[in-house]
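Input: a single structure, listed below in structure tokens.
We use all heavy atoms of the structure for the numbers below, so side chains are in, but hydrogens, waters and symmetry mates are not. Note that the structure is predicted; figures quoted are calculated from it, not measured.
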Amino acid sequence: MLVNAQVQVLLTHERTLLADLQVFLETQDAPQGEIEQVRQSARNLDEAFLLVVVGEFNSGKSSFINALLSEAVLPEGVTPTTDRIYVIQHGVIQHSAVQQGGVQGRMEATDDPFVSRIRVPLSVLEGVALVDTPGTNAIIRQHQVLTESFLPRADLVLFLTSADRPFTESERQFLELVKRWGRSVVMVVNKADLLETPEAREQVRAFVEGGARATLGLTPPLFLVSARGEQRGGDAGFAALRNVLRARLSETERTRLKLASPLAAAATLLGAQEARAAGARLALKSDLAALALLEQQRERHQAAMQAELGSQLGRMNRLLGEFEVRADKFIDRALRIGNVRQLVNARELEAAFRRDAVADLPEAIEKQFGQLIDRFVESNLHFWEDVQAGLINRDPVSRDSASPQPEAGAGRPRFSYDRAALVENLSGTAQRHLAESTQQQLTRQLTQDAEDAMKGVIGFGAGGVAIGTATALILSGALADFTGILAFLTVGSLGLFVLPQKRLAALRQLRTRLSALRESLDTILRREYEHEQERADVRLNDAALPFTRFLEQQQARLMQAEQRGGELQQRLEQLRREVEMLG
């Protein structure tokens with residue numbers, strides 16, 4: 001390269017940018033292959049200018065290179081003759097020289113076992129390394145991999161196609177790869193001597209030019225050449241190609257292309273990282289939506305439970321209201337002067353009260369309470385089923401596009417692994433809860449809690465008391481009050497005189513007892529509802545907490561990465577503009 005003060009500054013800035021890009025990709029868990037590409041791009045700044053020849057096997061690459069160098073440096077044949085990458089450079093021949101084609105040269109090993117260097121004393125190679133690659137459609141897949149992996153190192157690509165099979169589908173696909181890495185391209189159609197008429201030449205030119213333009217988005221220089229014609233005495237197409245290469249490989253232009261190549265690779269790698277980040281943001285958006293959906297499900301569940309509680313309390317109050325009406329009628333009917341003979345028989349009166357007023361109230365309340373518990377339990381189990389289903393059956397498009405599929409041999413981003421593990425853990429928690437929390441277990445728990453709460457109402461010290469039994473005991477207390485009022489009554493006038501007052505007292509005490517029963521049942525049921533909701537919320541929060549924290553951390557990390565990536569992109573664009581202005 002032409003290294004003056006301006007170029008030296010650009011070199012320093014490029015090396016700093018590539019070092020920062022490497023650190024950035026490492027912190028983002030980018031594939032190791034891409035991180036190595038950044039390292040290689042930095043090393044490329046210290047290498048010779050790489051003029052890389054690519055094309056399908058049997059497109060005549062070896063004969064083309066020999067014609068371009070005006071020397072038989074490479075062997076030629078109808079079978080794939082290149083199974084590795086050969087870097088042909090100018091060099092002084094020493095005693096270790098070997099015959100390369102018809103030229104004395106020196107073969108050198110490199111750090112890459114698939115890359116060999118050939119030193120030949122050709123002045124046309126001063127400042128330039130000409131690279132021969134295996135065919136892009138080679139039968140051995142490793143040969144094509146070699147070519148594709150070397151492509152990001154190219155400073156200028158000579159893309160060779162053949163006049164007898166111009167611009168095949170596999171060539172179009174390879175040209176897409178050239179575009180991806182932002183390489184500068186010169187298109188060459190070899191074996192043009194097979195095209196016998198100007199019309200045929202123009203037809204091939206238009207076809208290749210149109211295909212290249214459609215693939216690259218621009219029209220690259222295009223030359224129709226005949227390597228055989230050049231070797232036999234000269235070819236006009238080769239002369240035109242040499243003129244263009246002479247301009248492209250001038251010191252200033254060569255320097256500009258050399259500086260531009262790592263920047264193009266950096267742009268490609270930044271773009272790949274942004275694509276992964278976009279996938280991660282999409283996954284994050286999907287996951288945040290899933291958590292929001294869980295919260296909506298929880299709120300709907302609470303609202304449904306609250307409505308169910310109100311409905312069940314309403315039914316309970318109707319049962320107590322019906323009992324109150326029956327009790328009022330009984331007291332009003334029983335505590336009359338006409339019933340004096342019956343009033344003195346407390347046992348008969350109590351039995352009548354139980355039969356006519358109490359009736360099946362304890363059993364009805366017990367049944368109603370059981371139905372309420374069953375509804376609570378069913379509702380909570382359905383809620384967890386919905387949680388599990390929502391996690392397992394998430395939008396497959398969002399789930400599949402959460403992380404772009406890595407290339408062969410590339411590591412999968414840690415974000416993908418972590419979020420998958422956490423989603424699976426949250427789903428597994430729901431599944432375990434469903435498996436471990438049977439309806440019978442939850443029913444027993446709720447019933448036991450209610451029975452324990454009832455102990456405080458009726459004054460029992462130990463042992464659970466069923467709601468229906470507790471109701472009967474409370475009503476027995478009311479009945480004791482009632483019969484106690486009548487215990488002193490006699491046929492005497494004093495008893496008859498105070499009977500209306502005693503009837504009013506009995507009604508008041510009955511209502512007091514009934515009010516206490518209503519309040520106790522209401523308090524117990526509401527408390528059990530709140531306890532069960534708290535338990536459900538705690539279970540959900542415990543299950544979702546690791547995932548929630550992970551999403552918060554990833555959101556912050558992605559925002560920081562987006563900002564850092566934007567800064568690197570700005571520096572990259574500024575360097576590109578400065579390199580473009582060279583000369």
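Looking at heavy atoms from C-beta onward, L156 lies in side-chain contact with L245 at the 4.5 angstrom threshold. Using a 4.5 Å heavy-atom cutoff, the side chains of L45 and L259 are in contact. D155 has its side chain out of reach of N44: every pair of non-hydrogen atoms, C-beta onward, lies at least 4.5 Å apart. Under the 4.5 Å side-chain criterion, counting only non-hydrogen atoms from C-beta, Q22 is not in contact with L25. Contact check for L288 versus Q555: side-chain heavy atoms found under the 4.5 Å cut-off. At least one side-chain heavy atom of V208 sits less than 4.5 Å from a side-chain heavy atom of P166. Contact of the L125 side chain with the Q89 side chain is not registered, since no non-hydrogen atoms from C-beta on lie closer than 4.5 Å. Residues R564 and D20 are in side-chain contact: their nearest non-hydrogen atoms beyond the backbone lie under 4.5 Å apart.
Just one of R180, K179, R172 meets the salt bridge (charged side-chain N to carboxylate O under 4.0 Å, His left out) condition when paired with E176; it is R172.
Atoms OG1 and CD, from T548 and E295 in turn, are 10.0 Å apart once rounded to the nearest 0.5 Å. The distance from atom CD of E171 to atom OG of S162, rounded to the nearest 0.5 Å, is 8.0 Å. How far CD of E199 is from OG1 of T197: 4.5 Å, rounded to the nearest 0.5 Å. Atom CD1 of I88 is separated from atom CG of L122 by 9.0 Å, given to the nearest 0.5 angstrom. One distance of note links CD of E34 with CD of E26; it measures 12.5 Å at 0.5 Å rounding. One finds the CG atom of L18 at 11.5 Å from the CD atom of Q37 (value rounded to the nearest 0.5 Å).
Classified by interplanar angle (parallel below 30°, tilted 30° to 60°, perpendicular above 60°), the ring pair F207/F167 is perpendicular.
Within a 6.0 Å radius of CZ in R549, no more than 12 heavy atoms belonging to other residues, nucleotides or ligands are found. Around CD of Q173, the count of heavy atoms belonging to other residues, nucleotides or ligands within 6.0 Å exceeds 12. No more than 12 heavy atoms of other residues, nucleotides or ligands sit less than 6.0 Å from atom CD of E196.
Side-chain contact, R577 with Q574: a donor N or O sits under 3.5 Å from an acceptor N or O.
Shortest non-hydrogen contact noted between L68 and R242 is O-NH2, 3.1 Å. Nearest approach of P220 to M187, heavy atoms of both residues: CG-CG, 3.4 Å. Nearest approach of R183 to A154, heavy atoms of both residues: NH1-O, 2.6 Å. Considering all non-hydrogen atoms of both residues, A247 and E253 come closest at O-CB, 3.5 Å. The two atoms that bring L10 and L575 nearest to each other are CD2-CD2, 3.9 Å, heavy atoms only. Among all heavy-atom pairs drawn from A267 and R576, the shortest one is CB-NH2, 3.5 Å.
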Steps toward side-chain contact (heavy atoms from CB on, under 4.5 Å) verdict (S59, N190): CA-CA 7 Å; S59 61; N190 193 18; 5.9 Å; no
Steps toward side chain to side chain donor-acceptor pair (under 3.5 Å) verdict (R557, Q554): CA-CA 5 Å; R557 187 182 74 84; Q554 290 302 315; 3.0 Å; yes
Intermediate values then yes/no, side chain to side chain donor-acceptor pair (under 3.5 Å), R228 and Q231: CA-CA 5 Å; R228 185 169 56 180; Q231 290 170 330; over 6 Å; no
Test side-chain contact (heavy atoms from CB on, under 4.5 Å) applied to L241 and D235, step by step: CA-CA 10 Å; L241 174 61; D235 177 74; over 6 Å; no
Residues T16, R571; criterion side chain to side chain donor-acceptor pair (under 3.5 Å); working and verdict: CA-CA 10 Å; T16 302; R571 289 167 56 188; 5.7 Å; no
Pair R281-E274, salt bridge (charged side-chain N to carboxylate O under 4.0 Å, His left out): steps then yes or no: CA-CA 10 Å; R281 286 193 292 270; E274 172 54 30; 2.4 Å; yes
Working for side chain to side chain donor-acceptor pair (under 3.5 Å), residues Q40 and E36: CA-CA 6 Å; Q40 184 59 56; E36 179 55 35; over 6 Å; no
Verdict with reasoning, F550 to L284, per side-chain contact (heavy atoms from CB on, under 4.5 Å): CA-CA 10 Å; F550 168 75; L284 188 64; over 6 Å; no
Residues I65, V73; criterion side-chain contact (heavy atoms from CB on, under 4.5 Å); working and verdict: CA-CA 8 Å; I65 290 174; V73 176; 5.7 Å; no
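At distances below 3.5 Å, not a single donor-acceptor pair connects side-chain atoms of D132 with backbone N or O atoms of Y86. The closest donor-acceptor contact from the side chain of H90 to the backbone of P121 lies at 3.5 Å or more, if one exists at all. Between the K61 side chain and the L160 main chain, no donor and acceptor come within less than 3.5 Å of each other.
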